[in-house]
Amino acid sequence: MRGRMNVYLTTGKKNYKYAYVAIQSLFEHNRNSEIYLYIVSEDLEEKDLPYEYALAKQFGNHIIILRFDEKRAGGQIKLQKGDHWVIGTMSSYWLFHELLPKEVDRIIMIESDTVVVGDLSEIYQMDFGDNYVICPGPEHKPKNHREFMESIGGECLTFVLSMYDVERIRRDFTLEDILQTDVDIRAKAGNSMMELVFGKLFTGRIKFVPGKDSCIDENERYIEELGYDYLAECEKTAKIIHFSSYSDYSKPWNPVFLVPGYAVWWKYAVNSPYYKEYIERQWQYYHNTRQRQKKIAKNISYRNILIAALVIMTVMLSGISICAGAGLVGTLVIVGCAVLSVCAAILVRRVSMLAGKWGEYAKCRRT
């Protein structure tokens, strides 16, 4: 008889098709477990996931959608404008007390931008001891992250592949405790982030599993800090690869920066019913990039024209002022006004460029 494994994943209508790779690889590498996959979402409905439900049936697993009230959470979770986190990602705050069924005693977390490459049951079946959470060790966390957690008296918690003792958390903490910790973190970090909140709330009661044997994050920063050879070796022993990203939103389906694990993701993507859309979305990303490059080139041209105009105007007005006998002070006043007018034109142009940039960003967030 297969043992039960409760798994958490959050996604929505905007990006759920990319989560298919995470789900498929999860099922394929955990055939000895009966998986109850809890998809927490603000807007997904069962009719949106026919392929995913068929996949679950094929492997004898289950998918349960838990509806997340994003509007309510938006009043309690604060993010900086332009931050890459979305409110829905913080749904784990409500997971233990309001979203999960009472029979769920433990749950393991993955995210939609992951690919599972090993059996998670060994970690899932671990004894918590006196701990609230089991997660990958802090050795893969960026130095500034580790230093920040140390400065606030917390520990580095890695969210992906973290496992929670739901019963103990329900018993020892209230939802208000979690939200108040979020308030405390925001006062120091400037915005909400679940890794910081749980790392602070559960400090001293976190059991670590070596990162090389559990989860490896792959992005530009990790390539720089850990190197290609180390990442490639971790792919042989880790259970999951996480494609975390920064403001560039580099993902396997948007490879603005290549990391070795992207090849693993695409191996599963080829068998996805959304494969054609992945490819077509690549074309759209490329088109958008080309448009931004053209706009940058145009802006450089405008800047050069304005600078040239400033130089020519300064020379001409200086000559006219001298010929007209305006004197040194008069000449400086005239030239100064010309310089200020050109600077004002450059400032207006800069503001319009920034407005366009924010408009593009908002459009990307919507898609």
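Positions are given from 1, in the same order as the sequence printed here.
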Give, for atom [atom1] of [X] and atom [atom2] of [Y], the distance between the pair rounded to the nearest 0.5 Å.
X	Y	atom1	atom2	result
L157	M194	CG	CE	9.5 Å
E45	I65	CD	CD1	8.0 Å
I169	D177	CD1	CG	11.5 Å
S250	D113	OG	CG	11.0 Å
E34	N61	CD	CG	7.0 Å
H242	Y222	NE2	OH	9.0 Å

Heavy-atom count around [X] [atom1] within 6.0 Å, excluding the residue itself: above 12?
X	atom1	result
K13	NZ	yes
N32	CG	no
E122	CD	no
F208	CZ	yes

Steps toward salt bridge (charged side-chain N to carboxylate O under 4.0 Å, His left out) verdict (R186, D182): CA-CA 6 Å; R186 292 198 321 254; D182 180 82; 2.5 Å; yes

Backbone N or O of [Y] within a donor-acceptor pair of the [X] side chain at under 3.5 Å?
X	Y	result
S41	D43	yes
T203	K200	no
E42	E70	no
R106	M163	no
R168	F128	no
S272	Y274	yes
E139	P210	no
T114	A22	no

Audit row: E225, H140, side-chain hydrogen bond (donor to acceptor under 3.5 Å, both in side chains) steps and yes/no: CA-CA 9 Å; E225 295 193 8; H140 289 166; over 6 Å; no

Distance-minimising heavy-atom pair for [X] and [Y]:
X	Y	answer
N271	Q24	CB-NE2, 3.9 Å
P101	R170	O-NH2, 3.2 Å
Y93	I178	O-CD1, 3.6 Å
A238	V117	O-CG2, 3.3 Å
S214	V209	OG-O, 3.7 Å
G137	T158	O-OG1, 4.2 Å

Any side-chain heavy atom of [X] within less than 4.5 Å of one from [Y]?
X	Y	result
L66	E98	no
V116	K239	no
N131	D165	no
E220	E224	yes
Y16	S112	no
P252	Y18	no
P260	I223	yes
W253	F243	no

Hydrophobic cluster identity match, [X] and [Y], side-chain contacts under 4.5 Å:
X	Y	answer
V183	I152	no
V264	V270	yes
Y228	Y262	no

E233 vs K236, salt bridge (charged side-chain N to carboxylate O under 4.0 Å, His left out): CA-CA, chis, key distance, verdict: CA-CA 5 Å; E233 284 301 309; K236 300 175 183 177; 2.9 Å; yes

Aromatic plane relationship, Y8 with F159 - under 30° parallel, 30 to 60° tilted, over 60° perpendicular: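 Judged by the thresholds at 30° and 60°, the geometry between F159 and Y8 is perpendicular.
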
Parallel, tilted or perpendicular: ring planes of Y275 versus W266, cut at 30 and 60 degrees: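 Ring orientation, 0 to 90° scale: perpendicular.
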
V115 and K267: CA distance, side-chain angles, deciding distance, side-chain contact (heavy atoms from CB on, under 4.5 Å) verdict: CA-CA 10 Å; V115 57; K267 182 179 72 173; over 6 Å; no

Among N6, N30, D119, side chain to side chain donor-acceptor pair (under 3.5 Å) partner for Y124: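 Running side chain to side chain donor-acceptor pair (under 3.5 Å) over N6, N30, D119 with Y124 returns exactly one hit, N6.
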
F198 and V133: CA distance, side-chain angles, deciding distance, side-chain contact (heavy atoms from CB on, under 4.5 Å) verdict: CA-CA 9 Å; F198 292 142; V133 59; over 6 Å; no

Steps toward side-chain contact (heavy atoms from CB on, under 4.5 Å) verdict (F202, Y164): CA-CA 10 Å; F202 302 139; Y164 298 83; 4.0 Å; yes

Stepwise side-chain contact (heavy atoms from CB on, under 4.5 Å) test for Y38 and L95: CA-CA 10 Å; Y38 293 95; L95 199 65; 6.0 Å; no

